[in-house]
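One structure is given here, and the rest of the page talks about it.
When reading the values below, keep in mind they use all heavy atoms of this one structure, side chains included, and skip hydrogens, waters and symmetry mates.
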Amino acid sequence: MKWSTSRTARRAFAVCAPICLAAVVASACTAVDESTPIDGGAPGPVPTATRSGKDIGDMVEKLVEAPEASMSGYSREKFPHWDTNKPEHGFGDQFAQYSRCTSRDVMMLRDAVGSVTLDPNTCDLKVGKDGGWRDEYGFMDPKTGKLKPYKWITNPAGVDAEHIVALAEAWRSGASKLDEDTRRRIANDAVNLEASDPSANRSKGDQDAANYLPPGIFRCVYLERYITIKVKYGLTVDPAEHGALRTAVADCVSRGEFR
């Protein structure tokens, strides 16, 4: 994702983000429920977190606060991807047979719905008549301020491989000081990858949690995974981001959306 937001604008927005986020979250909750229509398919279930609210709250407090570093020296090539599917990337034993395929290929198979197969030798994806990908991020209509229908995508080329902690955000949060092998793992980590609608992905860009959270049903699971990646790789948070994470996690806890 390109670093398209100016540093000045990011700082200005970050000052008010923790204050505004609670209102944004409440608004999103009102607009989104399990019956939100999905183009070309039935509504999917709300994704579920794997940790308790207490565990996630404890993880938030482990995050180290630091000002965001500059983008000096950044390029996506500093985060080698797509790597072949190795056990260290965390997709699990059920995907071990796809060791010749890339982490993106395996993510596409993991996140697919219906009849989608991945050839373990050629790594070709085949989509059956009921197969495809449901975007779970959600995308707000700028004209109406309401959540658009969730996208149903049947063409693999129309799916984005989203990094939950964007690579540019990881760079600003300390990855610039990490070795290339660690950055490779950040870019290919199963927890940090999610198939998404390109419109939803572009609306996020490289923003951190102070400036962007998915408006749809994926928001609480997104938070869990975002925090997990930051803690796992020792990535820092700036004060506005830390405050926004606390607010959003508390909201998810209040609605019982963590395990």
Original post:
Step by step, would you call K204 with Y222 a side-chain hydrogen bond (donor to acceptor under 3.5 Å, both in side chains)?
Top reply: CA-CA 13 Å; K204 170 187 171 178; Y222 178 98; 3.0 Å; yes
Subject >> Same cluster (ILVMFWY, side-chain, under 4.5 Å), V64 and Y233 >> reply: no
Original post:
Testing D251, I56, I164, L213 for side chain to side chain contact (heavy atoms under 4.5 Å, CB included) with L223, which one passes?
Top reply: L213
**OP:** For S176 and M71, run side chain to side chain contact (heavy atoms under 4.5 Å, CB included): C-alpha distance rounded to whole Å, both residues' side-chain angles, the deciding distance at 0.1 Å, then the answer.
**Re:** CA-CA 9 Å; S176 61; M71 290 294 291; over 6 Å; no
Original post:
Does anything in residues 101-116 pair up under salt bridge (Lys or Arg N to Asp or Glu O under 4.0 Å), and if so which pairs, sequence neighbours excluded?
Top reply: R110-E194
Non-hydrogen atoms of [X] and [Y] that approach each other most closely:
{"X": "S203", "Y": "Y212", "answer": "OG-CE1, 3.9 Å"}
{"X": "A195", "Y": "V159", "answer": "CB-CG1, 3.6 Å"}
{"X": "A200", "Y": "G138", "answer": "CB-O, 3.7 Å"}
{"X": "E65", "Y": "P239", "answer": "OE1-CG, 3.5 Å"}
{"X": "V127", "Y": "P156", "answer": "CG2-CG, 3.9 Å"}
{"X": "A210", "Y": "A244", "answer": "CA-CB, 3.7 Å"}

Subject >> Check against side-chain hydrogen bond (donor to acceptor under 3.5 Å, both in side chains), R100 and T122 >> reply: CA-CA 8 Å; R100 294 185 178 183; T122 66; over 6 Å; no
Subject >> Trace of the side chain to side chain contact (heavy atoms under 4.5 Å, CB included) decision for F139 with R202 >> reply: CA-CA 10 Å; F139 183 62; R202 304 299 188 273; over 6 Å; no
Could you tell me if the side chain of [Y] sits less than 4.5 Å from the side chain of [X], heavy atoms only?
{"X": "L167", "Y": "Y74", "value": "yes"}
{"X": "W171", "Y": "F79", "value": "yes"}
{"X": "K232", "Y": "D189", "value": "yes"}
{"X": "F91", "Y": "M107", "value": "yes"}
{"X": "L147", "Y": "D141", "value": "no"}
{"X": "D124", "Y": "L118", "value": "no"}
{"X": "P214", "Y": "E136", "value": "no"}
{"X": "V249", "Y": "I227", "value": "yes"}

Original post:
For atom CG of D93, is the number of surrounding heavy atoms from other residues, nucleotides or ligands below 6.0 Å larger than 12?
Top reply: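 No.
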Original post:
Counting only heavy atoms not in K126, do more than 12 sit closer than 6.0 Å to its NZ atom?
Top reply: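 Atom NZ in K126 is not packed in, count stays at 12 or less.
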With no hydrogens and no angle check, is any side-chain donor or acceptor of [X] less than 3.5 Å from a backbone partner on [Y]?
{"X": "H242", "Y": "V60", "value": "yes"}
{"X": "R225", "Y": "N192", "value": "no"}
{"X": "D130", "Y": "S115", "value": "yes"}
{"X": "E224", "Y": "T50", "value": "yes"}
{"X": "S173", "Y": "V237", "value": "no"}
{"X": "N85", "Y": "F95", "value": "yes"}
{"X": "D160", "Y": "E162", "value": "no"}
{"X": "E257", "Y": "A49", "value": "no"}

Subject >> No-hydrogen, no-angle side-chain donor-acceptor test under 3.5 Å, Y150 and D197 >> reply: no
Subject >> Donor + acceptor pair across side chains of K230, T228 (<3.5 Å) >> reply: no
Subject >> Full working for side chain to side chain contact (heavy atoms under 4.5 Å, CB included) between S99 and K86 >> reply: CA-CA 6 Å; S99 59; K86 297 179 174 67; over 6 Å; no
Rounded to the nearest 0.5 Å, what's the gap from [atom1] on [X] to [atom2] on [Y]? Could you check?
{"X": "K129", "Y": "T154", "atom1": "NZ", "atom2": "OG1", "result": "14.5 Å"}
{"X": "D238", "Y": "E169", "atom1": "CG", "atom2": "CD", "result": "7.5 Å"}
{"X": "W133", "Y": "S196", "atom1": "CH2", "atom2": "OG", "result": "13.0 Å"}
{"X": "L193", "Y": "S103", "atom1": "CG", "atom2": "OG", "result": "5.5 Å"}
{"X": "L178", "Y": "R183", "atom1": "CG", "atom2": "CZ", "result": "7.0 Å"}
{"X": "K54", "Y": "S52", "atom1": "NZ", "atom2": "OG", "result": "7.0 Å"}

**OP:** Carefully, step by step, assess R185 and T182 under the rule side-chain hydrogen bond (donor to acceptor under 3.5 Å, both in side chains).
**Re:** CA-CA 5 Å; R185 288 187 283 116; T182 304; 3.2 Å; yes
**OP:** Would you please test Y226 and D208 for side chain to side chain contact (heavy atoms under 4.5 Å, CB included) and show each step?
**Re:** CA-CA 9 Å; Y226 184 98; D208 65 22; 3.3 Å; yes
Original post:
Going by the angle between their ring planes, with limits at 30° and 60°, are H163 and H81 parallel, tilted or perpendicular?
Top reply: perpendicular
Original post:
Would D83 and R184 pass as an ion pair if we require N to O under 4.0 Å?
Top reply: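 A salt bridge links D83 with R184.
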Original post:
Does D58 come within less than 4.0 Å of K62, counting only side-chain N to carboxylate O?
Top reply: no
